[in-house]
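Let me begin by presenting the structure, written as structure tokens, before commenting on it.
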Amino acid sequence: MSYIWMSLAVLFVQIFLLDNINIGASVALWMRPMIFPLIVLLLPMHWKMIWVVLAAYGVGYIMDISLGGEGLYVATLLPLALIRPTLIYLIGRHSVDISDEKHILSRLGTWQMMLYIASALLIHHTLFFFLEALSFSHFGQVVLTIIFSMLLSTTIGWFVVRLFISKVLVR
């Protein structure tokens with residue numbers, strides 16, 4: 001149940017707060033924080049891949065319906081769900097085995113968790129903004145949007161992750 005409440009809170013903040021902040025047209029082009037991928041990143045590691053993919057599809061579908069993404073959110077969350085164990089393995093130097101996977105996220109160090117979140121959000125933002133642009137004509141602007149949005153998303157998301165780990169994973 002804690003995962004469900006965390007997911008609903010993150011979706012609520014993303015849809016009703018972060019996507020509706022009016023900070024000016026020029027700044028809005030460069031900074032678009034997206035913390036909803038945290039829902040997929042923080043799913044239990046012992047879940048079978050099919051459940052992780054279905055959860056990613058569900059979150060992406062809710063985002064597409066709510067924000068008019070026309071499949072963009074689903075298309076960028078599904079690859080993230082598939083590479084999640086590999087990211088944990090590369091960053092945490094742990095294999096995701098049956099005996100080790102239940103509490104692997106709570107055993108990651110602070111810098112490892114930050115690197116996991118930042119690298120996953122960088123992958124997600126890269127996929128999202130290049131699929132949204134569907135062109136390389138504004139390559140520089142897209143790259144800057146990816147960088148600034150990823151940094152802002154990581155900063156905001158870090159507080160969500162710390163709260164989640166202290167309230168859900170420690171139990």
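Since we're looking at a predicted model, the values are computed, not measured.
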(message) Let's go through Leu72 and Phe128 carefully: what are the C-alpha distance in whole Å and the side-chain angles of both, what is the deciding distance for side-chain contact (heavy atoms from CB on, under 4.5 Å) to 0.1 Å, and is it a yes or a no?
(response) CA-CA 7 Å; Leu72 184 61; Phe128 185 88; 3.4 Å; yes
(request) Please step through side-chain contact (heavy atoms from CB on, under 4.5 Å) for the pair Tyr3 and Trp47, ending with a clear verdict. (result) CA-CA 13 Å; Tyr3 284 98; Trp47 279 17; 5.7 Å; no
(request) Quick one: do Phe136 and Val142 satisfy side-chain contact (heavy atoms from CB on, under 4.5 Å)? Show the steps, please. (result) CA-CA 8 Å; Phe136 287 107; Val142 172; over 6 Å; no
(request) List the steps, then state whether side-chain contact (heavy atoms from CB on, under 4.5 Å) holds for Ser7 with Val59. (result) CA-CA 9 Å; Ser7 300; Val59 170; 5.8 Å; no
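Note: Leu127 CG to Leu131 CG = 6.0 Å, rounded to the nearest 0.5 Å. For the atom pair CG (Leu38) and CG (Leu80), the distance works out to 9.5 Å, reported to the nearest 0.5 Å. Put simply, CG on Leu18 and OG on Ser153 are 8.0 Å apart, with the number rounded to the nearest 0.5 Å. A distance of 11.0 Å separates CD1 in Ile146 from CD in Gln141, rounded to the nearest 0.5 Å. Once rounded to the nearest 0.5 Å, the distance linking CZ of Phe164 with CE of Met6 reads 4.5 Å. Here Phe129 contributes atom CZ and His138 contributes atom NE2; the two are 15.0 Å apart, rounded to the nearest 0.5 Å.
Taking all atoms of both residues into account, the shortest heavy-atom contact from Met113 to Val161 is CG-CG1, 3.8 Å. Summarising the geometry of Arg84 relative to Leu43, their closest heavy-atom pair is NH1-O, 2.7 Å, with the distance given to 0.1 Å.
Between Val143 and Thr126 there is no side-chain heavy-atom pair separated by less than 4.5 Å. Residues Trp51 and His46 fail the side-chain proximity criterion, which asks for heavy atoms closer than 4.5 Å. No side-chain heavy atom of Leu77 sits less than 4.5 Å from a side-chain heavy atom of Tyr57. Counting only heavy atoms from C-beta outward, the side chains of Phe36 and Ile62 never approach each other to under 4.5 Å. Looking at Gln112 and Tyr116, their side chains never come closer than 4.5 Å, going by heavy atoms from C-beta outward. Between Met34 and Ser149 the shortest side-chain heavy-atom distance does not fall below 4.5 Å. The closest side-chain heavy-atom distance from Pro79 to Ile123 is not below 4.5 Å.
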Extract all donor-acceptor atom pairs below 3.5 Å that involve side chains of residues 8-17 and protein atoms in other chains or at least two apart in sequence.
unit_1 : atom_1 : unit_2 : atom_2 : d
Gln14  : OE1    : Ile35  : N      : 2.7
Gln14  : NE2    : Asp19  : OD1    : 3.1
Gln14  : NE2    : Pro33  : O      : 3.2

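By the rule that hydrophobic residues join a cluster once side-chain heavy atoms approach within less than 4.5 Å of another member, Leu41 and Phe159 end up as members of separate clusters.
Partners of Thr110 under the side chain to side chain donor-acceptor pair (under 3.5 Å) rule, at least two apart in sequence or in another chain, do not exist in this structure. In terms of the side chain to side chain contact (heavy atoms under 4.5 Å, CB included) criterion, residue partners of Thr154 (sequence neighbours excluded) are, by chain and number, Met114, Ala118, Leu121, Met150. Ile50 pairs by the side chain to side chain contact (heavy atoms under 4.5 Å, CB included) definition with Lys48, Leu54, not counting sequence neighbours.
Sorted by first and then second residue, the salt bridge (Lys or Arg N to Asp or Glu O under 4.0 Å) pairs involving residues 122-142 (not counting sequence neighbours) are Arg32-Glu132. The stretch residues 59-71 participates, sequence neighbours left out, in no side-chain hydrogen bond (donor to acceptor under 3.5 Å, both in side chains) pair at all.
Ring-centre distance between His124 and Tyr73: not below the 6.0 Å cut-off.
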